[in-house]
**Student:** 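Let me give you the structure first, and then I'll get to my questions.
Order of the sequence lines fixes the chain letters, A, B, ..., with proteins taken first and strands second; residue numbering starts at 1 for each chain.
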Amino acid sequence: MIRTRFAPSPTGYLHVGGARTALFNWLYARHHGGVFVLRIEDTDAERSTDESTQIILDSMKWLGLDWDEGPFYQSQRTDLYKKTAERMLEENKAYYCFCTPETLTEKREKAQAEKKAFRYDGTCADIPLEEARKRIAAGEKAVVRFRKLEGETIVDDQVLGPVKFDSSVLDDFIILRSDGSPIYNFCVVCDDMDMKITHVIRGEDHLSNTPKQVMLYKALGYPMPHFAHISMILGPDKKKLSKRHGAVSVLSFKDEGYLPESFRNYLALLGWAFDDKTEFFSKDDLIEKFSLEHVSKNPAVFDYKKCSWMNGQYISKTEPEKLLECITPLLEADRINISAKPLSWWMETLNVEKQRAFYLNDLVKSFHYYLDDSIAIEPQAKEKHLTAKKSLELLRKFLVLLEKVEPYTQENLENAFKELMEVESIKFGEIVHPVRVALSGKTVGPGIFELFLCMGKDMSIKRIKDALGQ
RNA sequence: GGCCCUAUCGUCUAACGGUUAGGACGCUAGAUUCUCAAUCUAGUAAUACGGGUUCGAUUCCCGUUGGGGCUACCA
């Protein structure tokens with residue numbers, strides 16, 4: 001049975017990189033009919049917050065990444081870590097260290113000044129356990145250090161292949177703080193073992209930690225999980241993607257009007273590809289086709305343009321019923337009254353407007369010009385099409401014809417335009433632009449007849465009158 | 001500084017020793033007797049560099065350079 005896990009630390013929102021890690025773990029588990037575990041790594045009491053945990057949970061739900069077990073909280077599992085550490089102490093695989101943070105910092109700075117790598121010098125490595133216990137009983141503070149293994153450690157990575165680390169680059173690292181709380185590298189091993197994780201899929205920033213963990217597995221006599229490290233996600237400047245680059249939290253994409261399925265699709269394409277042409281994948285496609293073999297090794301730059309293009313593609317392919325459901329809260333937030341129009345009108349208008357929307361918010365904006373009492377005309381649009389005397393004159397004449405259109409159909413609207421074009425001997429383009437700007441306040445939008453039909457006769461007349469200042 | 005990962009169009013990527021190096025985003029141009037940021041069509045653009053191995057290297061090996069990561073009583 002394949003078991004994967006996503007183990008974020010709740011020190012902020014869930015960002016793009018974390019989301020992709022979660023996605024790959026989830027996909028791998030689902031593809032193999034395995035189990036996906038969620039574990040919150042909150043052993044850093046200083047930085048972990050409940051709000052962050054909630055945001056992470058919300059983000060995952062939005063992306064549709066459902067977990068089978070958890071969320072487990074490391075802060076509630078200290079017994080496991082303490083017992084394991086105690087066992088290691090007894091077996092002489094770990095030892096108490098009384099060096100103070102101050103002396104350690106001093107030594108580290110000195111090493112840095114000499115441009116040497118700092119490694120713990122083993123000052124306390126030979127203190128007998130009994131003596132150490134007496135000193136602790138007497139009130140001294142001590143951390144627990146792991147006695148590192150000698151020789152070469154090989155991480156057989158599922159994405160990168162075998163990666164060698166020499167023992168000399170590591171030192172006797174701390175597994176328990178002086179207050180008895182456990183350190184990340186130690187918890188991970190205890191938990192992954194306890195939760196029977198078979199595949200550890202995580203960001204490449206954890207690759208350097210892996211030899212430490214491999215040593216712990218060996219020392220503890222635990223079976224080794226498979227490791228798979230996926231490359232970092234970069235910003236346009238090729239630096240690790242961060243706040244500096246703009247929106248990076250998953251929820252901000254939600255707020256910007258992304259559909260979770262499109263965002264998930266784009267995320268999957270960052271570091272993974274199925275073949276040389278397919279790029280649209282439904283949830284089921286992703287589950288069926290995902291494999292670690294097709295994960296690429298090199299870092300990927302997050303392309304906001306392609307991401308929004310993909311969102312636009314999804315929006316235009318989405319059924320209007322579904323779209324209305326998605327934007328209902330947004331409409332309400334914008335005080336647009338949904339019951340002001342029949343459902344059929346919403347469906348028709350959504351089908352028209354979805355064609356060129358990139359974000360759900362674009363859709364919401366478009367409903368303002370259909371439904372608001374009055375609209376603001378974009379300055380540039382007004383300048384270009386509603387300022388020249390001739391434009392206004394034509395618009396005035398068109399209004400007269402429009403009022404007589406009955407019944408209000410595309411054919412009759414076309415005839416109204418034709419009549420004006422003949423009488424004034426003008427081209428379609430000369431009248432269509434002023435009309436469009438009058439109706440919507442914008443220079444771009446749906447076809448003019450679609451716009452008229454969705455807007456309705458009364459509102460169309462009102463918009464033109466408003467534009468003429470009547 | 002030390003250690004580790006990595007290198008195909010500007011970007012995401014396909015090719016797993018033999019292809020006119022493919023697709024997508026972007027960009028440019030044309031089309032749409034109505035707009036465009038939509039749509040359609042066309043075009044632009046890449047194997048970082050230097051050595052090997054091989055009949056043959058994008059592909060395998062080594063080095064250089066570039067990019068990234070780690071180097072805490074953070075995760």
**Student:** Is the phosphate of B:rU13, meaning OP1 or OP2, less than 4.0 Å from a side-chain N or O of A:Ser296?
**Tutor:** yes
**Student:** Might you list the N or O atoms of the protein lying below 3.5 Å from N or O atoms in nucleotides 1-4 of chain B, with each pair's distance?
**Tutor:**
| unit_1 | atom_1 | unit_2 | atom_2 | d |
| --- | --- | --- | --- | --- |
| B:rG1 | O2' | A:Lys115 | O | 3.2 |

**Student:** Going by salt bridge (Lys or Arg N to Asp or Glu O under 4.0 Å), name the residues that satisfy it together with A:Lys238, two or more places apart in sequence or in a different chain.
**Tutor:** none
**Student:** Taking only residues two or more places apart in sequence or in another chain, which ones pass ring pair (Phe, Tyr, Trp, His ring centres under 6.0 Å) with A:Tyr370?
**Tutor:** A:Trp345
**Student:** Could you list all the salt bridge (Lys or Arg N to Asp or Glu O under 4.0 Å) pairs where at least one residue sits in residues 447-457 of chain A, not counting sequence neighbours?
**Tutor:**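 Output for this query lists A:Glu406-A:Lys457.
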**Student:** Quick one: A:Phe186 CZ to B:rA72 P, roughly how many Å, whole number?
**Tutor:**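 In whole Å, B:rA72 P and A:Phe186 CZ are 20 Å from each other.
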**Student:** Holding to side-chain contact (heavy atoms from CB on, under 4.5 Å), I want the full list of residues that pass it with A:Arg135, two or more places apart in sequence or in another chain.
**Tutor:**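 Counting only residues at least two positions away or on another chain, A:Arg135 forms a side-chain contact (heavy atoms from CB on, under 4.5 Å) with A:Phe98, A:Ile127, A:Glu131, A:Glu140.
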**Student:** Nucleotides 21-29 of chain B: which of its N/O atoms have a protein N/O under 3.5 Å away?
**Tutor:**
| unit_1 | atom_1 | unit_2 | atom_2 | d |
| --- | --- | --- | --- | --- |
| B:rG22 | N2 | A:Asp276 | O | 3.2 |
| B:rA24 | O2' | A:Glu279 | OE1 | 2.9 |
| B:rA24 | O2' | A:Glu279 | OE2 | 3.0 |
| B:rA24 | O2' | A:Lys306 | NZ | 3.1 |
| B:rA24 | N3 | A:Lys306 | NZ | 3.2 |
| B:rC25 | O2' | A:Lys306 | N | 3.4 |

**Student:** Looking at A:Asn209 and B:rA75, is any side-chain donor or acceptor paired with a base atom of the opposite kind under 3.5 Å?
**Tutor:**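 Such a pair is found, so the answer is yes.
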**Student:** Check whether the side chains of A:Asp172 and A:Tyr95 place a donor and an acceptor atom closer than 3.5 Å, and report yes or no.
**Tutor:**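 Yes.
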**Student:** So, using side-chain contact (heavy atoms from CB on, under 4.5 Å) as the criterion, who are the partners of A:Lys240 when residues are at least two apart?
**Tutor:** A:Asp205, A:Met232
**Student:** With sequence neighbours left out, write down each residue that passes salt bridge (Lys or Arg N to Asp or Glu O under 4.0 Å) with A:Glu41, or none if nothing qualifies.
**Tutor:**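 Checked A:Glu41 against salt bridge (Lys or Arg N to Asp or Glu O under 4.0 Å); matches are A:Arg39.
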**Student:** Please list each protein N or O that sits under 3.5 Å from an N or O in nucleotides 42-44 of chain B, with the distance.
**Tutor:**
none

**Student:** Run the salt bridge (Lys or Arg N to Asp or Glu O under 4.0 Å) test against A:Glu430 and tell me which residues pass, sequence neighbours left out.
**Tutor:** A:Lys390
**Student:** Compare side-chain N and O positions of A:Arg47 against OP1 and OP2 of B:rA75 and report whether any pair is under 4.0 Å apart.
**Tutor:**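 It does not, given that no N or O in the side chain of A:Arg47 lies less than 4.0 Å from OP1 or OP2 of B:rA75.
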**Student:** Under 4.0 Å between a side-chain N or O of A:Gln313 and OP1 or OP2 of B:rU39?
**Tutor:** yes
**Student:** What residues form a side chain to side chain donor-acceptor pair (under 3.5 Å) with A:Thr78, not counting sequence neighbours?
**Tutor:**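 Side chain to side chain donor-acceptor pair (under 3.5 Å) list for A:Thr78, sorted by chain: empty.
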**Student:** With the side chain of A:Asn298 defined as its heavy atoms from C-beta on, choose the nearest nucleotide among B:rA38, B:rA7, B:rC70.
**Tutor:**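 The closest nucleotide is B:rA7.
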**Student:** Quick one: salt bridge (Lys or Arg N to Asp or Glu O under 4.0 Å) partners of A:Lys442, sequence neighbours excluded?
**Tutor:** A:Glu378
